[in-house]
> 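Before I ask anything, let me first share the structure, which is written out below as structure tokens.
Bear in mind the structure is a predicted one, so any value in this text is a computation, not a measurement. Order of the sequence lines fixes the chain letters, A, B, ..., with proteins taken first and strands second; residue numbering starts at 1 for each chain.
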Amino acid sequence: MPAYSEMLDGFTRQRGVQGGLVVSERDGIVVDSQVQLGVRASVVAALAASIYRKARLSAEAAGLGGVAYVELAATEGRLCMVGRGDLVVVLITDNRSSVGLLRGALLQVAETLA
Amino acid sequence: MTVAVVERWVETPLRHFVQDAQVTLALLLTPSGQVLGQHGFNRAMDVMAACALAAAIHASSAELGKLLEGKPFAGLHHAGATRQIFLAPAETRRGTLLCLTVFDDATSIGIVQLYFGELRDRLAAGAPSARTTPPAVLADSFEQDLNRNLTLLFRR
């Protein structure tokens, strides 16, 4: 998946980004990933895909339409997610990251996800 | 949530697994097909059939893995249209156990694999000491043990 690698490479060069993953929303398994040592990509993938899916279903149930962007703020960083079809892009960031820029870039990437 | 077990030490690990992974059916069994614990089944007959099939599938896929990779496959996943199954072994001091689980769209194979890892660790940590003599693959008392285990699981 060279297209995903290039895209993930672009994200992981950003300040504060500890890793990026492309995950199957239905299966919760990694399609492609670039993460720092110590990040358990398969665990993050399974749980993040589950969170994204539940957020999408919640938005639909509330009559809000599809999910554009999901962000989970933790004490030491964030999980930022966008999806299209069955694919979800997940970024793992620490508190130094520029969330606004990442959000914009993720939304652009979502348009191009196959 | 109901979890029924034949041996007490598998109850907590199996209960955690069912709760965390949100699976609809779960079976813990020996490679010969003797049930140790279950969640989600209503009839002893279904448990018996599922155990026999799971044991046979595991034996076949393990041999296939040995042929292809020189070692048994770590797990088997089959995705159906609405439901999926996952079958994988867990090593304990009491020997290998198999976990067969069925799940739907409420969870995912990634989540099931994640919590199966925890189940495997909990079983390994909680297993009592090994038997002095390993049980025969198909012991003379197999049918008697099978009936006893099924009765224990479905006693009212």
Side-chain angles (χ1 to χ4, degrees), chain A residues 1 4 8 18-62 65-67 70 72 74 79-92 113-114, chain B residues 1 13-26 39-40 57 61 65 68-69 71-91 99-125:
Chain A
M1 300 281 180
Y4 298 144
L8 292 173
Q18 297 184 344
L21 307 98
V22 178
V23 182
S24 159
E25 186 204 290
R26 178 174 186 259
D27 295 332
I29 55 176
V30 177
V31 176
D32 200 353
S33 70
Q34 280 189 26
V35 296
Q36 287 182 4
L37 276 175
V39 175
R40 295 188 298 165
S42 61
V43 175
V44 175
L47 295 171
S50 175
I51 289 170
Y52 182 85
R53 184 167 182 276
K54 282 168 183 161
R56 180 175 64 74
L57 293 174
S58 302
E60 285 172 8
V67 164
V70 176
L72 185 146
L79 283 181
C80 307
M81 296 171 266
V82 294
R84 186 169 181 184
D86 184 50
L87 293 178
V88 183
V89 180
V90 182
L91 294 184
I92 306 160
L113 276 180
Chain B
M1 184 199 51
L14 186 59
R15 190 178 293 280
H16 277 292
F17 172 71
V18 169
Q19 214 156 25
D20 294 339
Q22 293 289 296
V23 296
T24 50
L25 300 174
H39 161 76
I57 291 167
S61 67
L68 292 173
E69 296 183 351
K71 59 182 180 183
F73 290 131
L76 181 145
H77 169 232
H78 177 83
T82 57
R83 296 204 287 182
Q84 307 179 47
I85 66 167
F86 178 69
L87 173 66
E91 299 298 332
C99 175
L100 171 72
T101 187
V102 177
F103 57 98
D104 56 20
D105 285 350
T107 184
S108 69
I109 181 62
I111 292 284
V112 170
Q113 283 180 322
L114 169 64
Y115 289 113
F116 172 73
E118 289 189 4
L119 170 68
R120 200 175 43 202
D121 294 345
R122 285 191 171 115
L123 288 172

> Would you give the length of the straight line joining atom CZ of A:Arg26 to atom CD1 of B:Ile109, rounded to the nearest 0.5 angstrom?
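Separation between the atoms: 10.0 Å.
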> Check each atom of A:Ser50 against the heavy atoms of chain B and say whether the ones under 4.5 Å are side chain, backbone, both or neither.
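Interface part for A:Ser50: side chain.
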> Using heavy-atom distances under 4.5 Å, tell me whether B:Leu114 contacts chain A through its side chain, its backbone, both, or neither.
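Answer is side chain: those atoms of B:Leu114 sit under 4.5 Å from chain A.
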> With a sphere of 6.0 Å drawn around NE2 of B:His78, does it hold more than 12 non-hydrogen atoms of other residues, nucleotides or ligands?
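Count not over threshold, so no.
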> Tell me which of these, A:Ile29, A:Asp27, A:Leu57, has more heavy-atom pairs under 4.5 Å with chain B than the rest.
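The candidate making the most pairs under 4.5 Å is A:Asp27.
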> Answer with side chain, backbone, both or neither: which region of B:Tyr115 has an atom nearer than 4.5 Å to a non-hydrogen atom of chain A?
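Side chain only.
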> Please classify the contact between A:Arg40 and chain B as side chain, backbone, both or neither, with a heavy-atom cut-off of under 4.5 Å.
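A:Arg40 has no heavy atom closer than 4.5 Å to chain B.
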